[in-house]
Number of protein chains: 2
Amino acid sequence: MGEHGHKKDTREMTFPDLFERFSSEILPLGCADATHLRFQSIARFASARAGDAPFIVNDRDQIVFIAKGSSKLVAEASQEREQVVAFHFVGDLVLVPARGAHAYTLYALDNCDLIFFQSDEFFKLARYETGMIDEALERAMLALARSREKAVALGRKSAQERLASFFLNMAERIGSKHEEGWVMQLPMSRSDIADSLGLTIETVSRQLSELRDAGLLTTQGRSQVHLLDWDGLASRAGHLVPAE
Amino acid sequence: MGEHGHKKDTREMTFPDLFERFSSEILPLGCADATHLRFQSIARFASARAGDAPFIVNDRDQIVFIAKGSSKLVAEASQEREQVVAFHFVGDLVLVPARGAHAYTLYALDNCDLIFFQSDEFFKLARYETGMIDEALERAMLALARSREKAVALGRKSAQERLASFFLNMAERIGSKHEEGWVMQLPMSRSDIADSLGLTIETVSRQLSELRDAGLLTTQGRSQVHLLDWDGLASRAGHLVPAE
DNA sequence: CGCTCGCATTGATTCAGATCAATGTACGGA
DNA sequence: TCCGTACATTGATCTGAATCAATGCGAGCG
C-alpha cells in the first residue's frame with residue numbers, strides 16, 4: 001500500500017486517520033456507513049516526498065485527494081518543455097487524466113499524503129450516494145473555471161500580468177490575511193512558477209523584481225511572499241486598459 | 001433548410017423539435033416522461049445569427065445545448081484583448097460561467113439554435129434522474145481535458161505547432177474522412193482562430209501558408225480546409241523534439 | 001559554523017511573433 | 001455579372017520575452 005519515500009516517514013499517520021480527512025471533506029454529511037466502507041476499500045494511499053511522482057502514469061484516469069501537502073499537475077509537451085496545468089493544496093481533489101495527446105504527471109511539491117482512486121471505480125461508487133457526484137461535478141467545474149482563467153492568461157496576458165495574477169490567485173488559496181496585506185509560503189520553485197505561467201525562470205525573476213521595486217510586494221527567503229498592495233497588483237494583473 | 005440570408009429564418013423548427021434533439025442527446029435513454037417535461041419547462045430557446053451573442057451575460061452560470069450551428073465562448077481580458085476559450089458544435093453542451101475575473105460571452109459563429117438553462121435549475125432537476133448528472137460530469141471532464149490541452153498549447157507551443165494542433169482537433173470534431181485525408185468547413189474566421197490560439201491574424205495566416213507550402217494541406221475559399229498529411233501535421237503539432 | 005551546491009537574480013544578445021503597412025481576394029448584394 | 005467591402009495574405013520593422021552568460025544568495029550538510 002503506497003510507497004513511503006526512501007528513508008522513512010517522520011510523522012506517523014495511519015490510513016484511517018488520512019481517510020477520515022477525505023471522508024469529512026468529500027463524502028456527504030449524512031453518508032451511509034456502507035458507502036464510507038466501500039470507498040475505503042477502493043482507496044489507495046501514497047506518501048510522497050518533494051519532487052516525487054507518487055504513481056506511474058496510468059492508462060486510466062485517476063482521482064487524487066490531497067490529504068496533506070501540495071502538488072503540481074504537469075503536462076509534458078515534449079522533452080524539456082513542461083507545462084504546469086494546475087497546483088493543488090490540502091483538501092483539493094485532483095483529476096489526473098490518462099495519457100492522451102500529452103502525458104500528465106502529478107508531482108509532490110513537498111511532503112504529501114495522497115489518497116487516490118481509479119476514476120471509473122470512484123464514479124461507480126459515487127453513483128450510490130446522493131450528493132457525491134454533485135460534489136465531484138462541483139469540483140470538476142471549479143477545475144474547469146481555473147483552467148479557463150489560465151488559458152486566458154497564457155493566451156492574452158504579458159509576463160507581468162501573469163505573475164501578478166498568479167500571486168493574487170495563490171493568496172486566495174493559501175495566503176493568510178495579515179494587518180498589511182497577505183502573507184504566504186509558496187511551496188513551488190521559480191521554475192514551477194515559470195512552467196505554470198508559460199514563461200522562463202529568468203522572466204519570472206525579472207518581473208518579480210519589478211513588482212518588488214514598485215512596492216507591491218516583498219519577499220523573504222525563497223518562498224515567503226508578502227503582498228502589500230492588492231489593488232495595485234490587481235490592476236497589473238490584466239484588467240488594465242493598456243491603450244486609451 | 002440551410003440559411004440563405006438574414007431576413008427571416010427559412011427552416012421552421014418548432015420548439016418541441018429542437019427540444020427533442022436535446023432530449024435524445026442528453027437525457028438518459030429510459031428517462032421518465034416527468035423528467036422530460038420538467039426539463040422542457042425550464043429550458044429557454046434562442047435562435048441566433050452569425051456574430052450574435054444570444055444572451056446577456058448573467059450573474060448565474062448557464063448551460064447551453066447547441067441544437068444547430070456552432071459557437072465560440074470568449075473571455076474578455078480587456079477591451080481589444082479577447083481569448084476564445086472554446087469552440088462548440090452541434091450536440092455540444094456548453095458551460096458558460098457567470099462573470100468572474102473575466103467576462104465570458106457565447107457568440108454564434110453561424111446560424112444557431114440554442115437551448116439554454118440556468119445551471120442551478122438544471123442541476124437541481126438533473127439530480128432526479130439517474131445518469132443525468134453523470135452525463136453532465138462526463139461532459140465537464142471533456143471540457144476540462146480540452147481546456148488543459150489548450151493551456152499546454154498556449155503555454156509551451158510555437159505558432160506553427162498551435163495551428164497544426166488546431167487543424168487536427170477540428171478535423172476530429174467536424175471533419176469528414178475523404179479518400180486522401182480529411183475535409184472540413186471551418187465556421188470560424190482567421191480572427192477567431194487567432195483569438196483561440198493566442199496569436200494575431202497575420203501570424204495565423206503566415207503559418208497557414210507555410211503548412212500549405214509544405215504540402216500538408218490545401219484550402220479552398222475562406223473556410224474549406226483539406227488535410228493531406230495527418231502524420232506530417234501531427235509531427236508539427238508539438239510532439240517533435242526541437243533540439244536533439 | 002562555515003562550505004557548498006542548487007536555486008535565484010541580473011545583464012547582454014537574439015529571435016519569434018506583434019505591429020504597422022500595403023496589396024490581394026472571396027462572397028453577398030444590387 | 002459586376003461591385004464594394006470585409007476578410008485574408010504578404011512584406012518591413014519593432015519589441016517582449018527567450019536564450020546565453022555570469023554572479024549572488026540561502027538552505028542543508030559535514
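Note that the structure is a prediction, hence the values are computed from the model and not measured. Letters A, B, ... are given to chains in the order of the sequence lines, protein chains preceding strands, and every chain is numbered from 1.
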In whole angstroms, the gap separating C1' of dC25(D) from CG of Leu208(A) amounts to 14 Å
Here the distance between atom P of dC27(C) and atom CG of Asp110(B), to the nearest Å, is 15 Å
Whole-Å distance, Ile201(A) CD1 to dT10(C) P, equals 15 Å
Whether each nucleotide of nucleotides 11-21 of chain C has a protein heavy atom under 4.0 Å at its base (B), only at its sugar-phosphate (S) or at neither (-) is summarised, 5' to 3', as BB----SSBB-
Taken to the nearest whole Å, CZ/Arg212(B) to P/dT25(C) is 12 Å
What I want to check is whether the side chains of Thr105(B) and Lys72(B) have a donor and an acceptor closer together than 3.5 Å.
no
Whole-Å distance, Leu163(A) CG to dG16(D) P, equals 17 Å
note: Met188(A), atom CE; dA8(C), atom C1'; distance rounded to Å ~ 16 Å
So, OP1 or OP2 of dA6(D): does either fall under 4.0 Å of a side-chain N or O from Arg222(B)? no
Original post:
Side chains of Thr219(A) and Arg212(A): do they bring a donor and an acceptor to under 3.5 Å?
Top reply: yes
Rounded to the nearest 0.5 Å, the CG atom of Leu168(B) sits from the CZ atom of Phe166(B) at a distance of 10.5 Å
Atom CG of Asp195(A) and atom P of dA8(C) are separated, to the nearest Å, by 12 Å
- Short N-O contact, Arg156(A) and Asp195(B), less than 4.0 angstrom: yes
Query raised in the report: So, are Glu161(A) and Arg81(B) salt-bridged, with charged N and O less than 4.0 Å apart?
Result: yes
In terms of side-chain heavy atoms, does Lys150(B) have a donor or acceptor partner in Ser196(B) at a distance below 3.5 Å?
yes
Classify the nucleic acid contact of Ser189(A) as base, sugar-phosphate or nothing, counting any heavy atom under 4.0 Å across all strands shown. sugar-phosphate
To the nearest angstrom, the CZ-P distance between Arg81(A) and dT19(D) comes to 10 Å
